[in-house]
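Sequence positions, counted from 1, serve as the residue numbers for this chain.
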Amino acid sequence: MPSEILFSSVAYARYDANQTLPMKFERMLKASGLADRVKGKNVAIKMHVGSNVGYSTIPPIFVRKLASFIAQYAEGVFITDHYVYKRHPEQRGYTSENLGCPILDDCSYFGKYFYTKEVDFKGLKHIDVAGLIHDADFLIDFSHVKGHGCCGYGGACKNIAMGCVTDRTRHEIHALEGGLVWDKDKCTHCGRCVKACNHFANGFTEKGVNGVYEVDYHNCTMCQHCAKVCPTGAITLDSHDYADFQQGMAICTKTVLDTFKPEDTYFINVLTAITALCDCWGMTTPSLVPDIGIMASDDIVAIERASLDAIKYENLIDVGVPEGMKLGDHGHLFERLHGKNPYLQIELLEKQGLGTQEYAIKNIG
């Protein structure tokens, strides 16, 4: 049986507020059955609050509508992400006053509140489930869809696997790709790698050309921002197996979702401002394709598949790709951009027993 995907398109037929996406989103929520499912429960809405000068995260109006709708029926509702206090979400309009509910660090303020689940996949041994996620009665995975340099695609799975756990788990998942290697002969000591690190995990032993590049792997999450911004290719990985990274994310996602009953999770993907990079970069590049709309489902596998299927290379907006960059000649748009097949992530989620790739779209206009 295919899983049902509720879909509201950005397309409109006339100049009418009821034809716009926020109003369609309201109707989607009413059609979702969430009102009955969250009654008497404490609901965590997991989203990415962005950082720095990024402006492509989910617009506050949609977050407010979701939180307000849930608050009518639930015992309690809160927005959560990791490093909330460091990311300054208020700079992007995410405040408790605007959204109508608290915005909380999922591992608490110091990042030390979590529950460890033991796993065994190569170097991935610990899934440290964020305490506030673990303790919630119901989880709404509210994701902004975009590209991702490490796995091709960032959606519902990425929002959970990288956002509902500790730095230790993020490091173990990213480390499945390999370690960082510095080539001193290629390095110009420009310092871009240090500025790009969100975790203060790298630096040079001294100023000038004699400085040696060092990484503090205690703080490093292996996000590879340093490698991606290096203009000379002086920082690379000693191996590169994005399939292991995708497998790690699938295992992590299943582990987090297993802390809930299947009927106590729901997935909403926002397909607007679909850019090349993850929101964790703290910046926004132009959209790769026109805005598409919003999807919602009980099935994480189906919604991820439907989201990817809706993003088509034929709709590419050229300005969304860096000037002078040549795209690959085959596969999904994200594969042509990042060299990684995003559908592998969906296949691995399905193998974890988290849903089906078969889906049926139900339009909510």
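Separation of atoms NE2 (His148) and OH (Tyr242) is listed at 14.0 Å; rounding is to 0.5 Å. We find the CG-CD1 distance between Asp81 and Ile79 to be 10.0 Å, quoted to the nearest 0.5 Å. Here the straight-line distance linking atom CD1 of Ile292 with atom OG of Ser307 works out to 8.0 Å at 0.5 Å rounding. We find the CG-CG distance between Leu124 and Leu176 to be 6.0 Å, quoted to the nearest 0.5 Å. From Ile251, atom CD1 reaches atom OG1 of Thr169 across 12.0 Å, with rounding to the nearest 0.5 Å. One distance of note links CD1 of Ile294 with OG of Ser9; it measures 10.5 Å at 0.5 Å rounding.
Hydrophobic cluster membership is shared by Ile173 and Phe121, with clusters built from Ile, Leu, Val, Met, Phe, Trp and Tyr side chains linked at under 4.5 angstrom. Linking ILVMFWY side-chain heavy atoms closer than 4.5 Å, directly or via other members, places Phe62 and Ile303 in two distinct hydrophobic clusters. Under a hydrophobic clustering in which Ile, Leu, Val, Met, Phe, Trp and Tyr are joined whenever their side-chain heavy atoms come within less than 4.5 Å, directly or via other members, Val119 and Leu257 fall into the same cluster.
Under the 3.5 Å distance criterion, the side-chain polar atoms of Thr80 are matched with a main-chain donor or acceptor of Asp106. Distance alone, capped at 3.5 Å, is enough to place a donor-acceptor pair between the Asp16 side chain and the Asn18 backbone. Side-chain atoms of Arg92 come within 3.5 Å of backbone N or O of Gly50 as a donor-acceptor pair. Of the possible donor and acceptor atoms, one in the side chain of His332 sits under 3.5 Å from a partner among the backbone N and O of Phe334. Within the 3.5 Å criterion, the main-chain N or O of His82 finds a donor-acceptor partner in the side chain of Arg87. Side-chain atoms of Arg37 come within 3.5 Å of backbone atoms of Thr265 as a donor-acceptor pair (strictly under, hydrogens ignored). Judged by distance alone, with hydrogens and angles left aside, the side-chain atoms of Thr232 form a donor-acceptor pair with the main-chain N or O of Lys186 at under 3.5 Å. A donor-acceptor distance shorter than 3.5 angstrom exists from the side chain of Thr95 to the backbone of Asn98, with no hydrogens or angles considered. In this structure, Lys340 contributes its side chain and Gly149 its backbone to a donor-acceptor pair below 3.5 Å. In this structure a side-chain-to-backbone donor-acceptor pair under 3.5 Å is missing from His174 to Gln224.
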Anything under 3.5 Å between a donor and an acceptor, one on a side chain of residues 134-145, the other on a protein residue two or more places apart or in another chain? List them.
unit_1	atom_1	unit_2	atom_2	d
Asp135	OD1	Tyr115	OH	2.8
Asp135	OD2	Tyr113	OH	2.1
Asp137	OD2	Asn42	N	2.8
Asp141	OD1	Ser143	OG	3.0
Asp141	OD1	Asn159	ND2	2.6
Ser143	OG	Asn159	ND2	3.3
His144	ND1	Ser56	O	3.4
His144	ND1	Asp279	OD1	3.3
His144	ND1	Asp279	OD2	2.9
His144	NE2	Ser56	O	3.2
His144	NE2	Thr272	O	2.9
His144	NE2	Ala273	O	2.9

Review item, side-chain donor-acceptor pairs of residues 203-214, under 3.5 Å, at least two apart:
unit_1	atom_1	unit_2	atom_2	d
Thr205	OG1	Val212	N	2.9
Tyr213	OH	Asn202	ND2	2.9

Would you list the atom pairs, donor with acceptor, under 3.5 Å between side chains in residues 347-365 and any protein atom, with sequence neighbours excluded?
unit_1	atom_1	unit_2	atom_2	d
Glu350	OE1	Gln357	NE2	2.9
Glu350	OE2	Gln357	N	3.2
Thr356	OG1	Glu358	N	3.1
Gln357	OE1	Arg305	NH1	2.7
Tyr359	OH	Asp309	OD2	2.7

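Counting heavy atoms from C-beta outward, Thr275 and Leu288 have side chains that stay 4.5 Å or more apart. Using a 4.5 Å cut-off on side-chain heavy atoms (C-beta onward), Pro286 and Ile317 make no contact. Annotation: side chain of Val129 is not in contact with side chain of Cys164 (no heavy-atom distance under 4.5 Å). Residues Thr116 and Glu118 meet the side-chain proximity criterion, which asks for heavy atoms closer than 4.5 Å. Between Asp244 and Lys122, some side-chain heavy-atom pair lies under the 4.5 Å cut-off. No side-chain heavy atom of Glu4 sits under 4.5 Å from any side-chain heavy atom of Ser297. Side-chain contact between Ile274 and Ser287: absent, with no pair of heavy atoms (C-beta onward) separated by less than 4.5 Å. Looking only at side-chain heavy atoms (C-beta outward), Pro22 and Lys65 come within less than 4.5 Å of each other.
Shown here for Ala161 and Met249, the closest heavy-atom pair between the two residues is CB-O, 3.6 Å. Listed here is the closest heavy atom pair of Ile235 and Ala227: O-CB, 3.5 Å. Nearest heavy atoms, Met295 versus Ile5: CB-CG2, 3.9 Å. Annotation for Ala234 and Cys230: closest pair N-SG, 3.2 Å, computed over non-hydrogen atoms. Residue Ala196 comes nearest to Val229 through the heavy atom pair CB-CG2, 3.7 Å, listed as atom of the first residue, atom of the second, then distance. Residue Leu99 comes nearest to Gly93 through the heavy atom pair CD2-O, 4.4 Å, listed as atom of the first residue, atom of the second, then distance.
With Phe267 as the fixed residue, the side-chain contact (heavy atoms from CB on, under 4.5 Å) test singles out one of Asp299, Asp298, Ile160: Ile160. Applying the salt bridge (charged side-chain N to carboxylate O under 4.0 Å, His left out) test between Asp128 and each of Lys112, Arg168, Lys117 identifies Arg168 as the sole match.
Atom NZ of Lys86 is surrounded by more than 12 heavy atoms from other residues, nucleotides or ligands within 6.0 Å. In Arg192, the CZ atom is not crowded: 12 or fewer heavy atoms of neighbouring residues, nucleotides or ligands sit closer than 6.0 Å.
Grouping Ile, Leu, Val, Met, Phe, Trp and Tyr residues whose side-chain heavy atoms lie under 4.5 Å apart, directly or via other members, places Tyr12 in a hydrophobic cluster with Tyr15. Through chains of ILVMFWY side-chain contacts below 4.5 Å, Phe110 is grouped with Tyr85, Tyr109. Met23 belongs to no hydrophobic cluster with other residues, because no ILVMFWY side-chain heavy atom falls under 4.5 Å from its own, directly or through intermediates.
Under the 4.0 Å criterion applied to side-chain N and carboxylate O atoms, Glu75 and Lys41 are not assigned as salt-bridge partners. Salt bridge annotation for Asp264-Lys261: absent, with no cationic side-chain nitrogen under 4.0 angstrom from a carboxylate oxygen. By the 4.0 Å N-to-carboxylate-O rule, Lys125 lies close enough to Asp120 to be salt-bridged with it.
The closest side-chain donor-acceptor pair between Gln246 and Asn341, if any, does not fall under 3.5 angstrom. With no hydrogens or angles considered, a side-chain donor-acceptor pair links Thr57 and Tyr94 at under 3.5 Å.
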Side chain to side chain donor-acceptor pair (under 3.5 Å) evaluation trace for Glu335 with Tyr153: CA-CA 9 Å; Glu335 183 172 4; Tyr153 164 71; over 6 Å; no
